[in-house]
Each structure stands twice: as C-alpha cells, then as structure tokens.
Enquirer: 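What follows is a structure written as structure tokens; I'll ask about it next.
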Protein chains: 2
Amino acid sequence: MSTTRVPRPPGRPRSQQVDEAVLAAALDLLIERGASETSIEQVAQRAGVTRATVYRRFPGKTALLIQAIESVHQDHAPGAIDWPGIDPMLDDWALYLSVPRNRRMLRRLYGAVDDHPELLRAYRDSHGARRAAAEHAALARSRERGELSPDADLDALQQILGGAVLHHLGACPDTVTAGEVKAYLVTLLRQTGYRPQE
Amino acid sequence: MSTTRVPRPPGRPRSQQVDEAVLAAALDLLIERGASETSIEQVAQRAGVTRATVYRRFPGKTALLIQAIESVHQDHAPGAIDWPGIDPMLDDWALYLSVPRNRRMLRRLYGAVDDHPELLRAYRDSHGARRAAAEHAALARSRERGELSPDADLDALQQILGGAVLHHLGACPDTVTAGEVKAYLVTLLRQTGYRPQE
DNA sequence: TTCAAATACAGAGGTGTACTGTATTTTAAT
DNA sequence: ATTAAAATACAGTACACCTCTGTATTTGAA
C-alpha cells in the first residue's frame, strides 16, 4: 500500500490527544450552551489547552464546531443503516430521542439555523443523507407489506415524521423514555393509516 | 367615571414614547439576533435611550423580552378566533408563515427553549392558548362535514400540523409564498385522510 | 420637590495576535 | 552512530481592543 508511504513531516507532530480533547470540549459546549454562546476561550479552558492551541487547528468557532459535529458520527455507524420496516426504525428513533444529550444536540442545531446554518448542514451531510434513504426504504417495505395504504405518499410521511420529532423535542421534557417516544410516533403515524402487523 | 379621578403622581411622568420604543427595539432584536445574543445595551441603543432608562422599567433581559412578546398580540386580535373549517384555518396559517418576520420569530422562540423557556411560554400564554382551542374546533367541524375520517384523532392531527409547521420553518427558505405553504400543509394533511370539499 | 433620564464608573469576559521558553521530532553533518 | 541544527507544537503571558453588566451620581423636566 502506498498509503503507508506518507513521509512524516518534520517537527513535533500534533498531539492527537489534544485534537480529541478540543473537539470533545467543543461538542460539549455546543450542546450545553449553544453555538453562539460558546467561545473559543471556553473550549480551550475545558480542553485544558490555551487559546493559541485551538487557533492553530481551526480558523474560527464555526469551523471548529462543524468538525466537532462531524467527529461524532464518524466513530460509530460506518456501515449503511438498513431497517426491515417502520417498526424497527421507530425503535431506533425512540432510543435516540430518549437520550437527553441527543435531544439537546438536535435542538441546538435547529435553534442555530438562523445564525449558523452551516451546523445543521454539517449534521445532515455527515449522517442525515444516508438516513433519509434508509427511511424511505423502510417506509416502502412497510407499504409493500400492507402496513401502509398502497397509495401512501412516502415523502409526505417522511416529512410528517420529521415534524413529529421536532414537535416532540420542543414540547416534551427530556426525561421521556424510549417507550413513550415510540408510542407518540406510532399514535401520529396511525392517523396516516399505519397499521403495524402484530 | 371614577377612572378619570386618578390623581397624577408627583414628579416627572415616564415617557410613553420611550416605553414603546424600548419594547419595539427589544422585539426587533429578539427576532434579528435571538434572545441570548440580545443585550440590554443594544436595546437601549436602538431605542435611543440609555441603559439606566431600560433598567428602570425592567429588572432584566428576560422580563423585558417577555413583555415585548406580549406586546405584539395585545394590539390586534382582541376577539376570539373562529374558523369554520380546516381550509380557512390553513389559509390563515399560510399567510402568517409567509411573512419572514413571523417565521424568524417562531424559530427564535423555539431555538431559545433550552436557555429561555419563559419566552415560548409567554408566547403560548399570550396567544397560543386561544388558538389551540380554535384549531380543535375547526378540525371538529371539518370532521363532522366529512372532510376527515369519522374516527380521526383530532389531538394527533393537531400535533401533526404543529410538527409540520416546525419542519417547514427549519427546512424551507423564508421566501416562500402563502400558496406554497398551504400546498405543503394540505399535502401532509391529505395523508391523514383529509379530503377538502371543492 | 420628586422622579426620569443622562452620565460616569469599575469590573468581568471575550477576541485575535504576538512573543517567550520548552518539548518533541526530523534532517543533515560529522 | 552520534550529534547538531532546523522545524514544529504547546504552555504561558501579554497586549489592545471591544462589548456588556449593574450601580452610583448628577442633571433636568414636570
């Protein structure tokens, strides 16, 4: 492999530990305080590093936050998602939405749409695109199986589900269980003719 | 009338003009920059007064913003809303959601849920409560008229609509027309069995 | 006389850059 | 092979500048 033949550049290499600490601190602060309330100073402080060290890696706050967002989902979920139908898909969603940290994260991203649209875009680019396709596929399988009306508009259903998630994020306390989230989603989906096979 | 018999308090009275200027400035900044990015300093500057003048009226930013939000809808819409059915209701929504300022305002309120939950609460208290009842009534009328399935869950439909609005706010540019918004809402609602009478 | 409003103040925190000293690593000369 | 030089990273400090906060004091309108 020629990939191993990368001549190491001269000088002291950057500490990977510092890389990770900075990104983790940035992500934490994004979730805790939001994008515009997060400062380079705070990130550096939390990462146990000086501001200059952060500035060496990132030109500014936005670039830092974008990379922090991207760093989340490159760790796990390298393979493609594939749900056999709506029910297991909702299970996954419910599990995700029952973790307060995830809920806050999503709210922060949507809440920063006007000031930092790049963040939501980075989130979608880094792990939303695959999902959309997988969602569509799951809905299609369920429709074939008769769990949905044969003439159901899958795109519309997808948007209804997306809206339901947003509504839930804004209206429900972060103490909900996965079971409650799923029950909520199923209730709404039932209005569209969803009839899960038992 | 004894109401005219209010003995004027001694000293210089507060300028009502300043009152309005401060509230208007606060509302503008809330919409433009968001709650946490808005400072008393900026409000004072935009209202053409000094900080001390603002502090005399409001103990802090939150109280100021709450009152600014409440000041919007006490001007117009004093009477109860009453929609004869879903279609005119969607017309009203679409009109509202086609005004960029309104869209921004809603995004700001939802985006500030984690940091300033009082703001969304104030919004709901000051003109969301009435609406919810009116929505339910409009849906009920349409159901009776056969535009919805007889066993439609009105609460669930209401939440679907609420979610759709949020989704639209986050996904669509603020240049949409009222017609486009309505088309979007109707498309989603059709999935729930909505069949408007022509 | 009494309160509104302007002015002044001290403190906190953030920004981006620059400079020090030290640690770590490669490259080149011996 | 050993050693010196060069290159880079990091901590720490400082700078000049800005914005915001909350209060205290003064000026002036009713």
Side-chain angles (χ1 to χ4, degrees), chain A residues 4-30 32-68 108 112 115-116 118, chain B residues 4-68 108 112 115-116 118-119:
Chain A
T4 57
R5 221 29 272 129
V6 176
R8 207 147 140 213
R12 178 176 173 179
R14 289 199 188 158
S15 160
Q16 197 175 333
Q17 210 170 344
V18 169
D19 284 344
E20 290 166 9
V22 169
L23 286 177
L27 190 66
D28 279 0
L29 284 167
L30 170 62
E32 276 178 32
R33 313 193 157 197
S36 46
E37 292 291 279
T38 295
S39 66
I40 301 274
E41 169 69 32
Q42 290 168 335
V43 171
Q45 210 169 316
R46 182 168 300 206
V49 158
T50 56
R51 242 175 316 143
T53 300
V54 179
Y55 276 116
R56 180 185 308 281
R57 287 148 213 263
F58 305 95
K61 192 168 71 173
T62 304
L64 167 57
L65 291 179
I66 287 177
Q67 196 153 328
R108 289 304 187 189
D115 307 305
H116 306 280
E118 319 88 355
Chain B
T4 58
R5 223 24 274 129
V6 176
R8 191 136 152 229
R12 179 177 173 179
R14 286 194 193 164
S15 161
Q16 195 176 333
Q17 209 171 345
V18 169
D19 284 343
E20 291 166 10
V22 169
L23 286 177
L27 190 66
D28 279 1
L29 284 167
L30 169 62
I31 292 170
E32 276 178 31
R33 314 194 154 199
S36 46
E37 290 291 278
T38 295
S39 65
I40 301 275
E41 170 70 30
Q42 291 169 335
V43 172
Q45 210 169 317
R46 183 169 299 209
V49 294
T50 56
R51 248 175 308 142
T53 302
V54 179
Y55 276 117
R56 179 179 303 281
R57 286 151 217 261
F58 304 95
K61 191 168 74 173
T62 304
L64 166 57
L65 290 179
I66 287 177
Q67 195 153 327
R108 289 304 187 191
D115 308 304
H116 305 279
E118 320 88 355
L119 301 187

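Lettering follows sequence order; numbering is per chain, from 1.
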Enquirer: For A:Q45 and D:dA11, give me the distance from atom CD to atom C1', rounded to whole Å.
Expert: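 Between C1' of D:dA11 and CD of A:Q45: 14 Å.
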Enquirer: From CZ of B:R56 over to P of D:dG22, roughly how many Å is that when rounded to an integer?
Expert: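 Answer to the nearest Å: 16 Å.
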Enquirer: Of the nucleotides C:dA18, C:dG16, C:dA5, which has the atom closest to the B:T53 side chain?
Expert: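 Looking only at side-chain atoms, B:T53 lies closest to C:dA5.
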Enquirer: When you get a sec, tell me which of C:dA6, D:dC10, C:dT17 is the closest nucleotide to the side chain of B:A52?
Expert: C:dA6
Enquirer: Quickly work out the A:R33 CZ to C:dG13 C1' distance and round it to whole Å.
Expert: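 My rounded result for the distance is 11 Å.
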Enquirer: Just the rounded figure in Å: distance from C1' of C:dG13 to CZ of A:R46.
Expert: 16 Å
Enquirer: How close or far is atom P of D:dT19 from atom CD of A:E41, stated in whole angstroms?
Expert: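 The distance from CD of A:E41 to P of D:dT19 comes to 19 Å, rounded to the nearest Å.
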Enquirer: To the nearest Å, how far apart are A:Q42 CD and C:dG13 C1'?
Expert: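 Interatomic distance, CD of A:Q42 to C1' of C:dG13: 9 Å.
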Enquirer: Just call it for A:T50: base, sugar-phosphate, or nothing, with non-hydrogen atoms closer than 4.0 Å on any strand.
Expert: base
Enquirer: Over how many whole Å does the gap from B:L29 atom CG to D:dC20 atom C1' extend?
Expert: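 Distance, rounded to whole Å: 14 Å.
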Enquirer: Which listed nucleotide (C:dG14, C:dT24, D:dT21) is nearest to the side chain of B:I40?
Expert: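 Closest of the options to the side chain of B:I40: D:dT21.
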Enquirer: With the side chain of A:R14 defined as its heavy atoms from C-beta on, choose the nearest nucleotide among D:dA9, C:dA6, C:dT24.
Expert: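 From the listed options, D:dA9 comes nearest.
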Enquirer: Using a cut-off of less than 4.0 Å, is there contact between a side-chain N or O of B:R57 and OP1 or OP2 of C:dA5?
Expert: yes
Enquirer: Which residue, B:R51 or A:G60, contacts DNA chain C at a nucleotide closer to its 5' end, judged by nearest heavy atom?
Expert: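 Its nearest nucleotide lies further toward 5', so the answer is B:R51.
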Enquirer: Should A:L64 and A:L23 count as side-chain neighbours, where that means a heavy-atom distance under 4.5 Å?
Expert: yes
Enquirer: How long is the span from the CG atom in A:L65 to the CZ atom in A:R108, to the nearest 0.5 Å?
Expert: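 Output value for this atom pair is 12.0 Å.
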Enquirer: Calculate the interatomic distance between A:K61 atom NZ and C:dG16 atom C1'; express it in whole Å.
Expert: 14 Å
Enquirer: Could you please spell out the steps behind the side chain to side chain contact (heavy atoms under 4.5 Å, CB included) verdict for A:Q42 and A:E32?
Expert: CA-CA 12 Å; A:Q42 290 168 335; A:E32 276 178 32; over 6 Å; no
Enquirer: Counting only side-chain heavy atoms from C-beta out, which of C:dA5, D:dA9, C:dT15 sits nearest to A:Y55?
Expert: C:dT15
Enquirer: Working to the nearest 0.5 angstrom, can you tell me the gap between A:K61 NZ and A:L29 CG?
Expert: 10.5 Å
Enquirer: Between CG of B:D19 and OG1 of B:T53, what distance do you get to the nearest 0.5 Å?
Expert: 10.5 Å
